[in-house]
Amino acid sequence: MGIASLMRPVRALARVLGAGNDELFGPEERSRQIKLASFIGAVVGLPFAFHNLFVSGLLVVGTIELLAVTLLLLPAAILAHRQSALDLAEGMILLAGLAIFGILIVYRGVQGTGLFWGFVFPFLAFFLKGQRRGWWYSTAFIVLVALHFFSWHKYLPFAYRYTTSFSVHYLEVLCGFTVIASGFNLLRTRFEEKLQERVTERTAAAKAYLEQLQYQATHDVLTGLPNRIELVTRLKSEIERASAQAKGLAVCNLLVQRLHELGNVLGNAGADKLLLAIADQLKATVQDRGMLARTRRDEFVVVYWLDQPTLDQQRLHKLIEQRQVSVQVQGYTLRVEFTVGVSACPQHSSDADVLLRQAEQSMLQARKSELPWMLYDAAQEQIFQRHHLLFGRMCEALERSQFELYLQPQVDMTTGHVIGAEALTRWTDPVEGSISPAVFIPIAEESGLIGPLTDWLVRRCMAESARWLKDGLHLHLSINISAMTLLSPGLVENLQASVQEFQVSADLFNLEITESCFIASPERSLEVMHQLRNLGFKLSIDDFGTGFSSLSYLKNMPIHELKIDQAFVRSLLSESGDQAIVASTINLAHNLGLRVVAEGIEDDPTARWLAQQRCDIGQGYWFARPMPADAFMALAMSHRPLPVESLLTEEA
Ligand code: C2E
Ligand code: MG
Ligand code: MG
């Protein structure tokens with residue numbers, strides 16, 4: 001059996017007792033321990049000191065206890081505040097313990113009770129000095145006590161004389177308490193150790209989770225590309241860098257065209273693969289010339305670094321020439337195109353958020369204009385903003401009934417009598433004043449507000465018509481129906497319901513339709529027109545001659561009137577070409593059995609010329625301007641033939 005195998009149980013025992021464990025605690029913990037030991041020492045020591053001094057008559061013991069508390073324990077608590085004095089403070093407490101317990105062993109205390117205090121020393125040593133040094137100090141204490149029992153007491157005349165068997169027994173118990181103290185301390189340190197391990201583990205897990213959350217908050221989950229939040233952060237620092245180096249940036253907002261349709265064909269998983277493939281292609285295109293981010297499901301942003309602070313046309317074309325990518329998804333080769341909006345730094349802005357908004361807005365503008373790309377244009381943005389501003393105001397205006405019905409008389413060209421009117425909407429905004437229909441009607445059409453607006457107009461016209469009928473006036477009313485409204489579901493039902501509600505006859509209403517609806521959807525337009533005709537409504541083609549409707553359609557349309565566009569009427573007397581167009585249109589209409597209305601008549605010679613050409617009905621400022629419904633009714637009731645000398649109620 002070698003020495004190594006002999007040492008094994010010794011080492012195992014040492015491990016169990018924690019002999020090799022180093023000090024675990026940091027300065028703060030040590031300082032706390034010192035203060036705690038000093039406090040307990042002082043609280044226990046002082047009453048005993050006074051008791052021994054003044055009650056038991058153990059003057060030496062009491063004095064040493066008092067001195068130990070005042071000179072060692074209390075100063076140690078003060079020193080515990082200084083990190084460099086921690087060793088000293090611990091030493092002072094141990095010295096106090098040695099002094100108090102030592103003198104109690106020497107004197108034996110009151111009827112032997114002083115001896116018990118010796119057992120406290122190992123606890124104190126392990127508590128303050130840790131496992132390894134705790135063993136040293138405790139062993140030293142045992143040796144000192146043994147030396148006292150077996151040798152030194154002879155030199156101290158006042159020392160109590162213990163018997164040998166008592167001394168041996170006491171030392172055995174002291175050794176036992178040392179082992180117990182070591183065990184307690186080991187448990188305490190192991191507990192702390194475990195606690196610290198758990199804290200470290202949990203902290204690491206929380207840190208990893210936080211990092212993951214941070215990543216998710218700043219990156220697109222599907223492609224791993226930076227998202228908008230991260231893009232803004234990076235763009236900000238790129239802007240700073242570019243401005244420091246007198247360089248520029250081009251921000252390109254890329255909208256994947258038809259992603260929705262492609263997604264429907266490929267399914268969700270297929271659409272994700274498509275987006276991944278697009279992201280890869282874009283990465284390959286951009287390389288190290290800029291940075292790429294995914295900002296929405298179907299939008300990517302590329303920020304290109306420019307050598308110069310300006311983005312010239314040549315450079316711009318180079319950037320956007322790769323507007324298409326070919327990607328392989330589910331065995332298909334798909335050609336994906338982007339609509340691109342571009343803004344440049346510092347040309348357009350040096351603010352990350354503004355640049356991104358400008359690029360996005362240019363992209364939207366390009367999409368609306370069906371262009372492949374568009375460079376940011378401040379004037380366009382103003383129009384865009386105004387558009388949205390007016391849209392909001394129009395919603396309010398509809399709710400607050402701020403729209404007004406104006407009527408422009410239509411006159412029989414042979415008799416001069418008012419035979420009806422065209423209904424025109426007027427809007428007076430409380431802030432901006434009167435806003436032209438040429439401005440708000442296109443916005444209403446784009447935003448879908450034209451539906452509620454037409455509903456309002458129809459109901460208002462029918463209410464007016466019902467009022468006229470009561471007063472014996474059988475006048476017709478022309479209502480403008482935009483192409484979008486004509487094709488929207490519910491129009492026929494709404495009109496039918498309104499006619500029933502107001503108890504008016506449908507044939508009093510002329511629905512003016514422009515040729516543009518035939519370009520958008522000829523079959524559907526014809527279908528709706530037939531439905532309206534079947535309900536009794538009359539139909540008219542407004543602004544005839546400006547659209548592109550083919551004459552073959554005209555033949556099949558269930559219309560009863562053509563309105564010649566005012567552009568031809570206005571220049572009628574100066575342009576022989578317009579005369580030819582107007583005369584032919586009148587003939588064409590009459591040959592098809594249609595009535596002809598000329599609008600925009602502003603003077604007497606034009607009216608005369610049109611009358612000579614047998615134009616049926618005239619409308620224009622020369623007869624009367626559009627006027628409020630009450631003014632129109634007064635005019636109609638007067639049965640005065642027009643033209644009148646002075647123009648009637650002028651439009652505001
Ligand atoms: P439109 O249907 O061709 O209406 C005729 C327009 O010509 C009206 O302009 C009218 O005020 C104007 N006008 C009439 N006589 C003359 C004239 O002698 N000289 C000149 N220079 N202009 C004349 P307004 O009211 O500004 O309306 C413009 C367009 O807006 C209308 O053209 C119509 O397409 C549309 N609109 C107006 N109100 C409504 C509406 O309630 N619904 C729909 N869908 N469109 C409307
Ligand atoms: Mg009209
Ligand atoms: Mg017109």
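In listed order, ligands and their atoms are each counted from 1. Small disclaimer: the values here were computed from a predicted structure and weren't measured.
Atom OE2 is the N/O/S atom of Glu422 found closest to the Mg ion (ligand 2). For Asp543, the N, O or S atom with the smallest separation from the Mg ion (ligand 3) is OD1. Shortest distance from the Mg ion (ligand 3) to Glu599 is reached at OE2 (N/O/S atoms only). Restricting Asp542 to its N, O or S atoms, the one at the least distance from the Mg ion (ligand 2) is OD2. Closest N/O/S atom of Glu512 to the Mg ion (ligand 2): OE1.
Within the structure, ligand 1 has Arg426 among the residues with a heavy atom less than 4.0 angstrom away. Taking a 4.0 Å cut-off on heavy atoms, Glu422 registers as neighbouring ligand 1. Residue contacts with ligand 1: Ala438 is excluded, as none of its non-hydrogen atoms falls under 4.0 Å.
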Check the pair Glu527 / Arg524 against salt bridge (charged side-chain N to carboxylate O under 4.0 Å, His left out), numbers first and verdict last.
CA-CA 5 Å; Glu527 192 189 318; Arg524 173 88 186 119; 3.4 Å; yes
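With 3.5 Å as the limit, one finds no donor-acceptor pair spanning the side chains of Asn253 and Gln358. Under 3.5 Å, the side chains of Asp351 and Ser349 contain no donor-acceptor pair of N or O atoms. For the residue pair Asp543/Thr546, the side-chain donor-acceptor check at 3.5 Å is not satisfied. In this structure, a donor-acceptor pair under 3.5 Å is present between the side chains of Gln410 and Gln619. Side-chain contact, Gln257 with Thr339: a donor N or O sits under 3.5 Å from an acceptor N or O.
The shortest side-chain heavy-atom distance between Met394 and Leu398 does not fall under the 4.5 Å cut-off. Looking at heavy atoms from C-beta onward, Ser482 lies out of side-chain contact with Ile441 at the 4.5 angstrom threshold. Side-chain atoms of His590 and Val596, non-hydrogen and from C-beta on, do get closer than 4.5 Å to each other.
Short contacts between ligand 1 and Thr425, defined as distances under 4.0 Å to a heavy atom of the residue, involve ligand atoms 38 (N), 40 (C), 41 (O). Atoms of ligand 1 found under 4.0 Å from any heavy atom of Glu599 (numbered from 1 in listed order, with element): 3 (O), 4 (O), 5 (C). Those atoms of ligand 1 with a heavy atom of Glu602 less than 4.0 angstrom away are 17 (C), 18 (O), 19 (N), 20 (C), 21 (N). Taking every non-hydrogen atom of Gly600 and a distance limit under 4.0 Å, the qualifying atoms of ligand 1 come out as 16 (C), 17 (C), 18 (O). In summary, the atoms of ligand 1 found under 4.0 Å from a heavy atom of Asp542, numbered by their order in the structure, are 1 (P), 2 (O), 3 (O). Within ligand 1, the atoms closer than 4.0 Å to a non-hydrogen atom of Gly620 are 15 (N), 18 (O), numbered from 1 in the order shown. Listed by atom number, the atoms of ligand 1 under 4.0 Å from Pro626 heavy atoms are 11 (O).
Looking at Ser436 next to ligand 1, no N or O pair under 3.5 Å apart turns up. Here's the thing with Gln566: one of its N/O atoms is less than 3.5 angstrom from an N/O atom of ligand 1.
In this comparison of Pro437, Gly618, Cys461, Ala423, the heavy atom closest to atom 24 (P) of ligand 1 sits on Pro437. Of the candidates Leu405, Ile441, Thr485, Asp603, it is Ile441 that places a heavy atom closest to atom 36 (N) of ligand 1.
When heavy-atom distances to ligand 1 are checked against a 4.0 Å cut-off, Leu457 comes that close only through its side chain, counted from C-beta outward. For Asn480, heavy-atom contacts with ligand 1 shorter than 4.0 Å involve the backbone as well as the side chain. Of the heavy atoms in Asp543, only side-chain atoms (C-beta onward) come closer than 4.0 Å to ligand 1.
At most 12 heavy atoms of other shown residues, nucleotides or ligands fall within 6.0 angstrom of atom CG in Asn268.
Taking the six-membered ring for Trp and the full ring otherwise, Phe384 and His388 have centroids separated by under 6.0 Å.
The Mg ion (ligand 3) does not have Asp565 among its coordinating residues (no N/O/S atom, backbone or side chain, under 2.8 Å). Taking 2.8 Å as the criterion, Asn480 counts as a coordinating residue of the Mg ion (ligand 2), since one of its N, O or S atoms falls below it.
In terms of modelled atom types and a separation under 3.5 Å, the side chain of Ser350 and the main chain of Pro346 share no donor-acceptor contact.
A tilted orientation is assigned to the rings of Phe403 and Phe440, their planes being inclined by 30° to 60°.
Between Phe632 and the options Trp468, Phe623, Tyr406, a ring-ring contact (aromatic ring centres under 6.0 Å, His included) holds for only Trp468.
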